[in-house]
Amino acid sequence: MSETITFPDGFLWGTATAAHQVEGGNWNNDWWEWEHDPGSPTVDVSGDACDHLWRYPADIAVLADLGFGAYRFSLEWSRIEPEEGEFSTAALDHYRRMIAATLDHDLVPVVTFHHFTTPRWATADGGWESPATPERFARFCERATAHLGDVIGMACTINEPNVVAVMGYLLAHFPPGVSDGARYLRANEQMLRGHRLGYEAIKAGRGDFPTGMTLSMQEYDCEPGGEELMERSRHSSEDVFLDAARGDDFLGAQMYTRLRFGPDGLVGPPPGATTTIMGYEFRPESLEHCVRRAAELAAVPIYVTENGIAATDDAERVEYVTEALRGVRRCLDDGIDVRSYFYWSLLDNFEWSEGYGPTFGLIGIDRATQERHVRPSARWLGDIARSNMMRA
Ligand code: BGC
């Protein structure tokens, strides 16, 4: 039997992207270098990506026409500060035009200051292990806020600082490709400082908009004997960040699946579980779990700033989001202050080391022509956004 699920007035519906995954030609950051390193596990180079650098006006217009109310995207630090201390007004003006395009379409511009990519000059000088990087990041935040702060709707300091540290310094899946426990903890520490210093720089600047970090969260689970490892991993990659978010304006919660631990490490999805193109367990109910945990530990308003699925069957995407949204509604029913749902992603894009294979987009892209194809799930979710309710 179908039911109608409504959402509170002002609930924000959006989609998200990140500069390096969609813009194209971001050759001046650590990811471009990593993609071109024959020793890295990347399967594609980002290349032209979705050419969103030039095509953003049309993409933003489609997003608004579909019925969404917000667009989350990121500033590319390496464009704005191509060499240390050398700031590009033209690059800042580009992002000002992008923000203006969202405002012209009545979309709230949600701006992420760091989404996985760091300028080459900063990674050549110690990257996220060096105490200089958080300070350089804060200076970048200060300059960008001075130029854009009057038009930003909401700001995210660092996207998934926990992922940058784990993937880059423990699992060697992201640059700089390190696998070392002590170096990982150092990077975690500097990411936390980066968030704190960036937050202060943004808040001290022009404009007055909510600011927070976005955190990759998982539903943590274990088999017998995996408890200790699970707790240890959750502590360093989730709890210290949730703790650091206390007192911020909000926390951006981002969730895709569940992680299961055994006594010797990760054990993967349970036998018989459905998995996605990413190899993740299909588990939309994890979102509810993470929102509850984020609200409890960070004790600030929660914005779901990313949730989604890479799927070849678009109906699977609808099924995933339907279940995830039911969970958000249950959180609201219990009085949890959750204020948004941003689907990841607006477009099929460069999925980091996995390249262009995984299709997360509400909009598909012909990679040869850059032609966009709006999927039925985009219209379905856009209608939910417009009406602020879901029939399920
Ligand atoms: C990141 C995105 C990424 C998505 C899907 C998140 O961890 O913020 O950049 O594409 O997950 O894997």
Side-chain angles (χ1 to χ4, degrees), residues 16 41-44 116 160 162-168 170-174 179 184 214-239 241-242 253-294 304-328 330-331 341-345 348-362 377 392:
T42 50
V43 298
D44 284 322
F116 289 179
E160 302 187 343
N162 51 346
V163 165
V164 177
V166 170
M167 296 295 244
L170 194 61
L171 303 181
H173 204 57
F174 281 14
S179 181
Y184 157 64
T214 68
L215 191 67
S216 167
M217 296 189 69
Q218 322 274 347
E219 180 182 352
Y220 279 79
D221 207 350
C222 63
E223 291 180 341
E227 293 82 358
E228 199 200 318
L229 204 53
M230 178 187 87
E231 290 299 343
R232 202 152 20 105
S233 156
R234 183 162 59 186
H235 176 77
S236 59
S237 64
E238 240 179 66
D239 297 359
F241 291 94
L242 290 171
Q254 316 200 142
M255 194 294 306
Y256 292 87
T257 191
R258 162 166 76 165
L259 277 191
R260 297 174 66 252
F261 287 81
D264 303 318
L266 284 173
V267 290
T274 308
T275 54
T276 73
I277 309 173
M278 293 291 284
Y280 298 164
E281 179 183 357
F282 179 91
R283 196 158 164 91
E285 54 271 54
S286 294
L287 180 61
E288 174 180 359
H289 179 92
C290 295
V291 168
R292 287 181 188 276
R293 194 157 192 279
V304 175
T305 39
E306 281 184 29
N307 178 240
I309 180 174
T312 38
D313 175 4
D314 196 45
E316 199 184 7
R317 183 172 287 108
V318 170
E319 190 191 335
Y320 182 91
V321 176
T322 303
E323 285 315 312
L325 289 176
R326 282 187 204 274
V328 169
R330 284 191 292 271
C331 291
Y341 182 85
F342 283 74
Y343 179 81
W344 181 273
S345 179
D348 283 349
N349 60 43
F350 179 69
E351 181 50 34
W352 305 110
S353 291
E354 271 56 60
Y356 287 103
T359 41
F360 277 96
L362 292 175
S377 57

Item checked: Partner set under ring-ring contact (aromatic ring centres under 6.0 Å, His included) for Phe116, not counting sequence neighbours -> Phe174, Trp352
Check: Measuring from Tyr356:OH to Glu351:CD, what's the distance to the nearest 0.5 Å?
Finding: 11.0 Å
Item checked: With Tyr280 via ring-ring contact (aromatic ring centres under 6.0 Å, His included) - residues at least two apart -> none
Let me have the donor-acceptor pairs involving side chains of residues 263-274, under 3.5 Å, with sequence neighbours excluded, atom names and distances please.
none

Item checked: Pairing residues for Glu281 by the side chain to side chain donor-acceptor pair (under 3.5 Å) criterion, not counting sequence neighbours -> Arg258
Item checked: Criterion side chain to side chain contact (heavy atoms under 4.5 Å, CB included) on Arg292 and Cys331, from CA distance to verdict -> CA-CA 7 Å; Arg292 287 181 188 276; Cys331 291; 3.9 Å; yes
Item checked: For Glu219, salt bridge (Lys or Arg N to Asp or Glu O under 4.0 Å) partners two or more places apart -> Arg283
Margin query: Using every non-hydrogen atom in the two residues, find where Ser377 and Leu362 come nearest and quote the distance to one decimal.
Written below: OG-CD2, 3.7 Å
Notebook entry, point to check: Is a side-chain donor or acceptor of Ser233 paired with a backbone partner of Leu229 at a separation under 3.5 angstrom?
Noted result: no
Note to self: List the residues meeting side-chain contact (heavy atoms from CB on, under 4.5 Å) with His173, not counting sequence neighbours, and say none if there are none.
What the structure shows: Pro41, Met167, Ser353, Glu354
Item checked: Partners meeting salt bridge (Lys or Arg N to Asp or Glu O under 4.0 Å) with Glu323 (sequence neighbours left out) -> Arg326
Notebook entry, point to check: Mind checking what makes salt bridge (Lys or Arg N to Asp or Glu O under 4.0 Å) contact with Glu227, not counting sequence neighbours?
Noted result: none
Next item on the list: Determine the minimum heavy-atom distance between Cys290 and Met217, stating which atoms define it.
Entry: O-CE, 3.5 Å
Check: Just wondering, do Leu242 and Arg293 contact through their side chains at under 4.5 Å, heavy atoms?
Finding: yes
Notebook entry, point to check: Looking only at heavy atoms, which two atoms of Gly357 and Asp44 are closest? And how far apart?
Noted result: N-OD2, 4.4 Å
Next item on the list: Name all residues meeting the side chain to side chain donor-acceptor pair (under 3.5 Å) criterion together with Arg317; count only those two or more places apart in sequence or in a different chain, and write none if there are none.
Entry: Asp314, Tyr343
Item checked: Expected output: side-chain Asp348 to main-chain Gly361 donor-acceptor under 3.5 Å -> yes
Note to self: Thr322: which residues meet the side chain to side chain donor-acceptor pair (under 3.5 Å) condition with it, sequence neighbours left out?
What the structure shows: none
Notebook entry, point to check: Yes or no on side chain to side chain contact (heavy atoms under 4.5 Å, CB included) for Ser216 and Phe241, after CA distance, side-chain angles and deciding distance?
Noted result: CA-CA 10 Å; Ser216 167; Phe241 291 94; over 6 Å; no
Checklist line | From Glu316 atom CD to Phe282 atom CZ, the distance as rounded to the nearest 0.5 Å | finding: 5.5 Å
Pairs of donor and acceptor atoms involving the side chains of residues 304-313, under 3.5 Å and at least two apart or interchain, shall be tabulated with distances.
from   : atom 1 : to     : atom 2 : distance (Å)
Thr305 : OG1    : Gln254 : OE1    : 2.9
Glu306 : OE1    : Tyr256 : OH     : 2.6
Glu306 : OE2    : Arg72  : NH1    : 3.0
Glu306 : OE2    : Gln254 : NE2    : 3.2
Asn307 : OD1    : Tyr341 : OH     : 2.7
Asn307 : ND2    : Met255 : O      : 2.8
Asn307 : ND2    : Tyr320 : OH     : 3.4
Asp313 : OD1    : Ala315 : N      : 3.0

Next item on the list: Please say which of Glu231, Arg260, Glu228, Met230 ends up in a side chain to side chain contact (heavy atoms under 4.5 Å, CB included) with Cys222.
Entry: Met230
Checklist line | With sequence neighbours excluded, residues passing side chain to side chain donor-acceptor pair (under 3.5 Å) with Tyr184 | finding: Ser236
